[in-house]
Amino acid sequence: MDSVRRPSLKLEGLTPYDPKYLPAEAMMSANENPRDVSDELRRKIESAVRQVHFNRYPDPLANDLRDLIAEANGLDREHVLIGNGGDELLFDTALAWGGPGRTFLNLPPTFSVYAVNALLTDTDVLEIPRLADQDFAIDEEAVLKAVSGPDSPVDFTIIASPNNPTGLRARTEFLHELLHATDALVVVDEAYFEFSRMTMRPYLDQHENLVILRTFSKAFSLAGVRVGYILAHPSVIQEYLKVRQPYSVDAVSQAIARVIFQNRAEFEPGIEAIIDERERLRAELAKIPGVSPYPSHSNWVLFRIPRAGEVWQQLYDAGILVRDFSATPGLEGTLRVTVGTPEQNDAFLEVLKRGAA
Ligand code: PMP
């Protein structure tokens, strides 16, 4: 054969996820931690990795890591599931709660992976856009209406809190009300919760339909290693176990994540510094003529700026990579800058101030 049959129809018009990750001196586009793990932690990691048997399959459920996370959250391991980054667990969510004849409630603009996973699993999507004139807050009334009552078609929803790429966290009272109003699965994506200091963890006992998604990629500087986890009721975890890839979290990643989690207090000053710098960045951006930053509870600032595409290029030419959302529906004219080190943030602000002068 010199040809191949066409793939599944649902791939028509889909483009592969592209993080637009280009080499740059200051990487301020992917909401990573600007500080890598310390040399001391690296030495501990090296010694942990040395113990790993490469010829053996890893523990499929990463039970040692599960136990560490469970204990820190006052839970037992049945409430915890580890994944190959939060991304894998998001896909598993669509596999387990989506599918033909099922409905996912999406609140755009939000993390684009949610909608793609729905499409790949033939899940219907109901959209309730965030309120553009209220800093992209959730349209709470519309969401509660959509999920309420026995006739609601919604099987699951994912609420990023804080929401990527817009910045606000969801209100705890609203999430509470939502969890009460529906038996749909409600995934609260807390990938960035360390920067908002808000978690739904205390409410896990009360709601069988609550899933909390977390990651090692942001506050814990481990985006390159690929470890995430969910906290949920054991009955929900059992369903995830049916769809997950058996060995998705390799033994090296498990060993690294264990060391990082045991030493997580070490990351606290870095998190504090990011929160302080976020506020400084936002205040400085607001002083630049024509620039309107959105409020952020996370480790980035989304801002509106005239000729956003050109400004992206000016920044890139100066060695600074930010994320261009100006072609994303609902986010026209915006760029998102990940909070960097103070020096990176200064360099970023300098380019914008020069452009505005
Ligand atoms: N949720 C949100 C809102 C994110 O922005 C990301 C990373 N971009 C993830 C989940 C997944 O992160 P990871 O796969 O690195 O754990």
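Numbering of ligands and ligand atoms starts at 1, following listing order. These numbers were taken from a predicted model, which means no experiment stands behind them.
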Between Glu279 and Arg282 (salt bridge meaning N to carboxylate O under 4.0 Å), is one present in this structure? no
With heavy atoms and a 4.0 Å threshold, my read on which part of Asp87 contacts ligand 1 is both
Using a strict 4.0 Å cut-off to heavy atoms of Lys218, name the atoms of ligand 1 that fall inside it. 7 (C), 8 (N)
Side-chain donor or acceptor of Asn163 paired with backbone N/O of Leu168 under 3.5 Å: no
Between Lys353 and Glu284, is the closest basic N to carboxylate O distance under 4.0 Å? yes
Check contact between Ser217 and ligand 1, using heavy atoms of the residue and a distance below 4.0 angstrom. yes
Sub-4.0 Å atoms of ligand 1 with respect to non-hydrogen atoms of Gly86: 13 (P), 14 (O), 16 (O)
Are any side-chain N or O atoms of Asn299 and backbone N or O atoms of Asn31, one a donor and one an acceptor, separated by less than 3.5 Å? yes
Of the protein's non-hydrogen atoms, which lies at the shortest distance from atom 9 (C) of ligand 1, and what is that distance? Phe111 CE2, 3.5 Å
Note: ligand 1 atoms sitting under 4.0 Å from heavy atoms of Gly85 are 14 (O), 16 (O)
Please list, in number order, the atoms of ligand 1 under 4.0 Å from a heavy atom of Ala191. 1 (N), 2 (C), 10 (C)
Flag the pair His180 / His207 as yes when their ring centroid distance falls below 6.0 Å, and as no otherwise. yes
So do the side chains of Phe220 and Phe261 get within less than 4.5 Å of each other, counting heavy atoms only? yes
Any donor and acceptor pair, going by atom type alone, linking the side chain of Glu208 with main-chain N or O of His233 inside 3.5 Å? no
Would Phe216 count as a contact of ligand 1 if the rule is a heavy atom under 4.0 Å away? no
The answer for which part of Arg226 has a heavy atom under 4.0 Å from ligand 1 is side chain
At less than 4.0 angstrom from any non-hydrogen atom of Thr215, what atoms of ligand 1 do you find? 13 (P), 15 (O), 16 (O)
When you measure from atom 1 (N) of ligand 1 to every protein heavy atom, which one gives the shortest distance, and what is it? Asp189 OD2, 2.6 Å
Any nitrogen or oxygen of Tyr114 lying under 3.5 Å from a nitrogen or oxygen in ligand 1? Just yes or no. no
Picking from Asp124, Asp155, Asp122, what satisfies salt bridge (charged side-chain N to carboxylate O under 4.0 Å, His left out) with Arg102? Asp155
